Amino acid sequence: MNFETTGSPILARQNPALYKFIVLSLIIVAFFLLVAYIAKRISKWMSSDEYLEAKKSMPTTKKNVSTIARKAMLTPEETKLLWHICRTHQAPNIIYASRDPITLKGLFSTHYELMKANAESETRKEKFFTLYYKISTMQNNNKKLKSTSGLREGQECIFKDSRGQEWTFTVIKNTSSFIELEIARSLFILGSRPAPLSKIQISARITADEVYSFLTRVIRYEEKPDGAYTISISPANVVKQIRKRQHRRIATETRCRIAKIIPAVKKSPADPGYVQDGEDFEGVLLDLSAAGCSFATFMEIPSGKYVKATFQFNGKDFKALGLIAGQSEILYRMPYRHHVKFTSISTESKNAIQEYALGFCTNTDVFPLRAR
């Protein structure tokens, strides 16, 4: 094309080659804009509830499994196991099933019964529980707490006072200028309650496995006409995720035995790999997961020390070795609460805990030695 023009601007505007170039450029730009718009609409439609509703009865494909694997951050082995489960039971669209806890639980429960009937290995069961936990909590990724404006009425928050005692606050009103929470009368009348205008740290459990924390300031306390006691705090724009559990935790109060130990090199398969440091003593197991536990004792055990915990769970004697990760004082008949990270626990024991914690255990009374 020859875009060269001479003479007046009027002659330049009459150049047909220039007109053709401009028109062609506009057509190309319009074409790509149209393609981008159509692609965006298709992507939005394919992720919509209407599309999934139409596709939910279709058999699960490898592409569906790949989508779940990406969202739930599955390993290649977990992805392979998910495809095996879907193919074995001719599962309908797993993308839809993952959004419905009842459908998802039904699919995995059916497969777990098959695994037990086939006497599959504990290693295989461990992968199964990890896979189910990742998928069942996958939707929580869209429930991140960005600021305190996301706290809803009825949301429970935790405040830990200077003595280590945890208090539960319940949100009853959330406005742009303050958040009002109901508190226990015992905290309201205590002289050690946080003073107005003081800063305090609050944590909120948004899901069963995700806890967020924020720094706020006490505005005022009130005693309501209906007898309720409240605290008003300032909103916070900065909220930090402080914990995302890798395993579901079980709350309990059951008797256990604790012993301090010193790790040692195993000299034979029968060697326990530790030396007990003194007599064991009574404790109360307060919560338990496949990765750790917490227990209360009369004796304070410093962080960094190793312990052995033994207790009964679902008809079996359990033993686990762990490291004291922290402790706090509590208002309990035993004053010290210790938080333990397991360093040695059998795969069979972990699976038994996971089986109950994730709802695959038919026995509802798994702690026979409950503390009284």
Side-chain angles (χ1 to χ4, degrees), residues 47 49 52 56 60 63-86 89 91-112 115 123-147 150-152 154-158 203-214 239-252 287-294 325 339 341-342 345 347 349-361 366:
S47 61
D49 292 336
L52 288 177
K56 70 177 182 179
T60 295
K63 185 177 180 180
N64 298 148
V65 171
S66 296
T67 300
I68 294 296
R70 184 176 64 257
K71 290 183 177 180
M73 294 181 288
L74 303 182
T75 65
E77 286 190 351
E78 291 164 352
T79 303
K80 185 177 179 180
L81 177 56
L82 177 59
W83 173 237
H84 169 70
I85 292 172
C86 293
H89 304 284
N93 195 332
I94 189 63
I95 298 178
Y96 175 84
S98 69
R99 294 186 171 189
D100 183 354
I102 296 177
T103 302
L104 184 67
K105 185 62 177 296
L107 172 62
F108 274 76
S109 294
T110 300
H111 190 74
Y112 186 58
M115 293 180 71
T123 301
R124 184 80 168 173
K125 289 180 181 178
E126 184 180 21
K127 292 177 183 176
F128 169 85
F129 290 131
T130 302
L131 171 64
Y132 174 74
Y133 183 73
K134 283 186 175 181
I135 297 178
S136 64
T137 59
M138 179 180 66
Q139 299 304 324
N140 295 341
N141 295 335
N142 298 323
K143 299 179 181 179
K144 301 292 185 183
L145 185 65
K146 305 297 184 182
S147 69
L151 295 175
R152 304 303 180 201
Q155 170 71 53
E156 290 189 347
C157 299
I158 301 296
S203 61
R205 185 181 299 280
I206 302 304
T207 69
D209 310 288
E210 295 191 6
V211 180
Y212 295 81
S213 176
F214 58 92
V239 177
K240 296 182 179 179
Q241 183 176 356
I242 58 174
R243 182 164 65 249
K244 183 173 183 179
R245 298 194 186 279
Q246 301 302 314
H247 301 90
R248 186 69 46 83
R249 191 165 288 260
I250 309 166
T252 183
D287 60 49
L288 175 68
S289 78
C293 68
S294 72
H339 305 276
K341 179 181 179 181
F342 290 150
I345 182 173
T347 302
S349 296
K350 287 195 292 185
N351 286 342
I353 296 170
Q354 290 275 69
E355 181 186 50
Y356 179 76
L358 296 174
F360 292 95
C361 180
V366 295

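Only heavy atoms go into these numbers, but all of them, side chains included; no hydrogens, no water, no symmetry mates. Because the structure is a prediction, the values reported are computed rather than measured.
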Write down the atom of [X], the atom of [Y], and the distance for their closest heavy-atom approach.
| X | Y | answer |
| --- | --- | --- |
| Ser136 | Arg248 | OG-NH2, 4.4 Å |
| Ile135 | Ser98 | CG2-CB, 4.0 Å |
| Phe129 | Asn351 | CE1-O, 3.5 Å |
| Ala97 | Leu104 | O-CB, 3.5 Å |
| Ala290 | Ile345 | O-CG2, 4.3 Å |
| Met73 | Lys134 | O-NZ, 3.3 Å |

- Could you check if a side-chain atom of Leu151 sits within less than 4.5 angstrom of a side-chain atom of Leu145, using non-hydrogen atoms only? yes
- Query: Are any of the side-chain heavy atoms of His84 and His111 separated by less than 4.5 Å?
  - Reply: yes
Which value, rounded to the nearest 0.5 Å, describes the distance between [X] atom [atom1] and [Y] atom [atom2]?
| X | Y | atom1 | atom2 | answer |
| --- | --- | --- | --- | --- |
| Asn64 | Tyr96 | CG | OH | 14.0 Å |
| Gln354 | Ile250 | CD | CD1 | 8.5 Å |
| Leu131 | Ile85 | CG | CD1 | 5.5 Å |
| His247 | Leu358 | NE2 | CG | 9.0 Å |
| Ile158 | Ser203 | CD1 | OG | 5.5 Å |
| Thr75 | Lys127 | OG1 | NZ | 8.0 Å |

- Item | Ring geometry between Phe128 and Phe360 (parallel below 30°, tilted from 30 to 60°, perpendicular above 60°) | perpendicular
- Message: List the residues meeting side-chain hydrogen bond (donor to acceptor under 3.5 Å, both in side chains) with Ser147, not counting sequence neighbours, and say none if there are none.
- Response: Ser149
- Message: Looking at Thr60 and Pro92, would you say the former's side chain and the latter's main chain have a donor-acceptor pair under 3.5 Å?
- Response: yes
- Message: Any side-chain to backbone donor/acceptor pair from Gln155 onto Arg152? Under 3.5 Å, distance only.
- Response: no
- Message: Tell me if the NZ atom of Lys105 is crowded by more than 12 foreign heavy atoms within 6.0 Å.
- Response: yes
- Kindly indicate, with the supporting measurements, whether the criterion side chain to side chain contact (heavy atoms under 4.5 Å, CB included) is fulfilled by Trp83 and Ile68. CA-CA 10 Å; Trp83 173 237; Ile68 294 296; over 6 Å; no
- Task: Just jot down the ring pair (Phe, Tyr, Trp, His ring centres under 6.0 Å) partners of Phe214, sequence neighbours excluded, or say none.
- Result: none
- Query: Ring centroid separation for Tyr112 and Tyr132, is it under 6.0 angstrom?
  - Reply: no
- Item | Test applied, side-chain contact (heavy atoms from CB on, under 4.5 Å); reference residue, Tyr212; option that passes from Lys240, Lys146, Gln241 | Gln241
